[in-house]
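See structure below.
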Amino acid sequence: MICTRALTYCYPGGQPLEFPDTDVRQGEVLVLSGPSGCGKSTWLALAAGLVAPTGGTLTVAGQPLGALKNVAMDAWRAKTIGFLPQKLHLSAALTVQENLALAFWANSQAEDGERISAALRSLGVQDLALRRPSQLSGGQAQRVALARAVLQSPAVILADEPTASLDDEAAADAIRLLLATAMTQRATLVVATHDARVTALIPPKSDGQIGFQRFSLVRKQLSIA
Ligand code: ADP
Ligand code: MG
């Protein structure tokens with residue numbers, strides 16, 4: 001499902017980031033742990049095809065990413081990747097429902113009201129459809145962003161620091177929802193985190209390196225409730 005080999009990335013003027021080889025199967029959870037700055041967000045950007053590797057190869061959901069460019073990459077990403085960014089990027093001027101509709105427009109698709117309702121319902125935020133992001137709690141905003149990420153039933157869900165800035169209860173809720181959503185959608189879930197509340201169950205690498213831990217979704221080892 002996600003397979004990387006000798007993957008490296010170098011920001012202009014930066015130190016090369018070298019990533020361990022990874023194999024994740026469909027329906028598995030991958031946790032990227034490690035201290036701030038070790039390359040977790042960069043790995044997610046590579047897996048989403050948002051940046052091209054400096055070296056090495058990666059295949060995501062059967063697609064060698066080196067073979068895709070520009071519009072083809074955008075189309076592939078829209079149907080394959082559900083991205084939950086660290087900063088949620090909900091548009092403040094739009095309602096929750098309109099924010100989800102925007103995800104369709106951004107991919108040159110007509111909005112699908114049924115899918116929007118179903119996604120909001122599955123995350124328990126259907127009653128918030130007409131609110132604006134400023135009227136949501138952190139946990140509610142997270143749910144809305146996750147609903148937006150999974151609108152197209154992506155094969156892969158990538159979550160960047162999904163518990164950052166959430167209190168304990170909302171953080172546990174966020175992880176529980178990510179696991180439940182991935183399980184329902186039979187998606188592969190990748191969680192990048194340096195949150196001790198999550199990594200308490202998944203010992204982070206102590207040597208400043210990125211660490212990969214694979215889990216079976218069924219075993220729910222990430223539950224921090
Ligand atoms: P993490 O998500 O684990 O905190 P990142 O992937 O964000 O790590 O960053 C990895 C390294 O790359 C860090 O040293 C960071 O400073 C650097 N970096 C991240 N983004 C950029 C950028 N846009 N330009 C230059 N360096 C960057
Ligand atoms: Mg990061």
Between [X] and [Y], is any side-chain donor less than 3.5 angstrom from a side-chain acceptor?
X: Thr4; Y: Asp21; answer: no
X: Ser41; Y: Asp160; answer: yes
X: Gln135; Y: Gln140; answer: no

Listed once per pair and sorted, the side chain to side chain donor-acceptor pair (under 3.5 Å) pairs that draw on residues 51-63, sequence neighbours left out =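 Listed by first then second residue: nothing to list.
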
How close do [X] and [Y] get, counting heavy atoms only, and between which atoms?
X: Arg148; Y: Leu90; result: NH1-CD2, 3.7 Å
X: Ser153; Y: Gln185; result: CA-OE1, 3.2 Å
X: Leu94; Y: Pro133; result: O-CD, 3.1 Å
X: Leu146; Y: Leu84; result: N-CD1, 3.7 Å
X: Ala187; Y: Val156; result: CB-N, 4.5 Å
X: Leu68; Y: Met73; result: O-CE, 3.9 Å

Could you list the donor-acceptor pairs under 3.5 angstrom formed between side-chain atoms of residues 74-81 and any protein atom two or more places apart in sequence or on another chain?
unit_1, atom_1, unit_2, atom_2, d
Asp74, OD1, Arg77, NH1, 3.0
Trp76, NE1, Thr80, OG1, 3.4
Arg77, NE, Ala48, O, 2.8
Arg77, NH2, Gly49, O, 2.9
Thr80, OG1, Trp76, O, 2.7

Does some side-chain heavy atom of [Y] sit less than 4.5 Å from a side-chain heavy atom of [X]?
X: Asp23; Y: Arg5; result: yes
X: Val125; Y: Val96; result: no
X: Leu178; Y: Leu189; result: yes
X: Trp43; Y: Leu17; result: no
X: Thr181; Y: Leu123; result: yes
X: Leu128; Y: Gln97; result: no

[X] side chain vs [Y] backbone, donor-acceptor pair below 3.5 Å:
X: Thr22; Y: Pro20; value: yes
X: Asn99; Y: Ser91; value: yes
X: Arg131; Y: Thr95; value: no
X: Gln142; Y: Gly139; value: no
X: Lys40; Y: Val191; value: no
X: Arg143; Y: Ala174; value: no

Can you sort out the partners of Tyr9 under ring-ring contact (aromatic ring centres under 6.0 Å, His included), two or more places apart, ordered by chain and number?
-> Tyr11

Value rounded to 0.5 Å, distance of [atom1] in [X] from [atom2] in [Y]:
X: Thr193; Y: Glu161; atom1: OG1; atom2: CD; result: 5.0 Å
X: Arg115; Y: Leu100; atom1: CZ; atom2: CG; result: 12.0 Å
X: Leu44; Y: Leu158; atom1: CG; atom2: CG; result: 5.5 Å
X: Leu32; Y: Cys38; atom1: CG; atom2: SG; result: 7.5 Å
X: Gln109; Y: Phe104; atom1: CD; atom2: CZ; result: 6.5 Å
X: Leu65; Y: Leu58; atom1: CG; atom2: CG; result: 4.5 Å

Should the pair Arg121-Asp127 be classified as a salt bridge under the 4.0 Å nitrogen-to-oxygen rule?
->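 Asp127 and Arg121: not salt-bridged.
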
Check the hydrophobic clustering (I, L, V, M, F, W, Y; side-chain heavy atoms under 4.5 Å; chains of links allowed) and say if Leu166 and Ile157 are grouped together.
->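 No: no chain of side-chain contacts under 4.5 Å links Leu166 to Ile157.
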
